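One structure is given here, and the rest of the page talks about it.
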Amino acid sequence: MTIATQLPRTGPWAAIDRSAISHNFSWLKQRLRQEAAGGPVRIWAVVKADAYGHGLSETMPALQNADGLAVTTLGDVLRLRREGWQRPILLLTTCGVNAEEFRAPSLGELHLVIDDIAQLAKLERLSHRFGAPRSRLHAWLRYAGRLGNLGLDEQEYTPAFERLLALKARGVIIEAGHLHHYATAEDPEALRLEREEFARVVGQLPGPRSTGNSAALCGELPEPIVPGQHWLRCGLLLYGASAVPGITGVELGLRPSMSVHSRLVAVRRIRAGQSVGYGDTFRAAHDTCIGTVCIGYSHGLPRQLWENGQALVGSDGRAVSFAGRIAMDCLSLDLGPDASEQAGDIVTLWGQAPGGKTLPVETVAASCGTIAAELFTGLTPRLPLIPA
Ligand SMILES: *Cc1c(COP(=O)(O)O)cnc(C)c1O
C-alpha cells in the first residue's frame, strides 16, 4: 500500500487513525485485566495481511504497548526489525522458511509456530547442523482442534511436544508453548467445548499457552487464562471492528481505525423510469439526483454492495442507497430529488464521515454477505492510505 499525505482531489483513499488503534489496544488490555485476576496476560497484536490492510509501518507505532506482534511471513519479520520493533515477534507459520534463516541474530526474539512434524524436524536439523542458534527462538506447537487445517492432532501432540522440550533442554529454543486457534468462537457453547478439548490435550504439560481471537474476546465468556504464562492473540478488535454478529465495535467501546472515502465526481438529475448503471439494474421510481463516486471494485469494494448497502454523503454523513451495480472505477448513489450535494463532496463508504457520523464497517460487511476483515484486507494498492 502507498502512504500519501494529501487527500486526493477526486478520491478514493483510506484514512488510518493510529490513535484509534492505540485506544483499542488499551481497551483490550483493560478488559483482560478484569478477566485475568490471577496475573498478567501478554498480548500478541496480530498484524498479518499488512496490519489488516492498515499498513504495517503505519500501524506499528500505535502498538508500542503490545508484548509482541504476530505476522505470517519472514519478510514481515525482517521489515518490523528494520523499522525498529524490538519486542518479540510471532511467525504464525514456519512453512517455507529454511532452518538456516532462523539463525540470523537480527531476528531478535522470534517465536515460531510449529504446524506439523516436518516443521519440527526442520528445527531439529538446525540444531544438529549448527548447534544453538544465535537468534532467540521460542516455539509454539499448534493443536489442530476443530479448525483442523493446521497443527497436530490429539495422538501426535504429546510426543511432538516432548521433542520440543528436548530442543529446549539443548538450548536450541528458549521456551516451548502450546497454541490453539478457535474455529467457532462466535458460538459460546461451541467455544466452551473447544477450550475444554485444548485443556485436555495440553493436560499437565509445562509451558505457556496462547489462545484467543477477536470473536472469543467479544463474547460474554471470559478467556480461561493461565496466570503469568498466557499469551493472547488478537487482530480484528485492534482495528475497531467486532467479530461477532449483532454488536458493532463502536457498541463494544472500540474506535474504528479505518475510514474509506472518495468524492462525488458528478451529480445528475434523472427522470422517473430512467435507468442507471450496467445491466439495467436500477430504474428510478421517481425523479431523483444520481451522484457518481470515484471508487469501485478495482479498489476492493465488493460488487454486491450496491444491492443492500448504504454510503454516507457530505460532511454530515447523510445515508443514501446505491443506484445500480458497482463498476470498476466508480459507483452511483441515489441522492434523492432534493439533493444539495455537488461534485467534490466527500463520500464515506465505511468508517467516520468528516462530521463524525459513523457507518460501521461491520454493517457494510453484513449488507453484502461478508465480514469486516475481508473488507479491510480486500482493499487494493490503488487506494492510498492517509493518516487521519
Ligand atoms: C489471524 C489470526 C489471529 C487473529 O484473529 P482475529 O480474529 O483477527 O483476532 C489469531 N491467531 C491466529 C493463529 C491467526 O491466524
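Scope of the values below: all heavy atoms of this structure, side chains included, with no hydrogens, waters or symmetry mates. No experiment lies behind these values; they were computed from the predicted model shown. As the structure lists them, so they are numbered: ligands from 1, and atoms in each ligand from 1.
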Would you please name every residue forming a side chain to side chain contact (heavy atoms under 4.5 Å, CB included) with V201, sequence neighbours left out?
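V201 satisfies side chain to side chain contact (heavy atoms under 4.5 Å, CB included) with Y143, E154, Y157 only.
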Under 6.0 Å between the ring centres of Y239 and Y52?
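Yes - the distance between ring centres of Y239 and Y52 falls below the 6.0 Å cut-off.
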Residues in ring-ring contact (aromatic ring centres under 6.0 Å, His included) with H23, at least two apart?
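Partners of H23 under the ring-ring contact (aromatic ring centres under 6.0 Å, His included) test: none.
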Protein residues having a heavy atom less than 4.0 Å from any atom of ligand 1:
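Residues within 4.0 Å of ligand 1: V46, K48, Y52, L92, H181, N213, S214, R233, C234, G235, L236.
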With the threshold set at 4.0 Å, does a side-chain nitrogen-carboxylate oxygen contact exist between R142 and D116?
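No, no charged N to carboxylate O under 4.0 Å.
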Excluding sequence neighbours, so at least two apart, what forms salt bridge (Lys or Arg N to Asp or Glu O under 4.0 Å) with R283?
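D280.
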Spatial distance of atom CD (E223) from atom CG (N213) [nearest 0.5 Å]:
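Answer for the CD-CG pair, E223 versus N213, is 8.0 Å.
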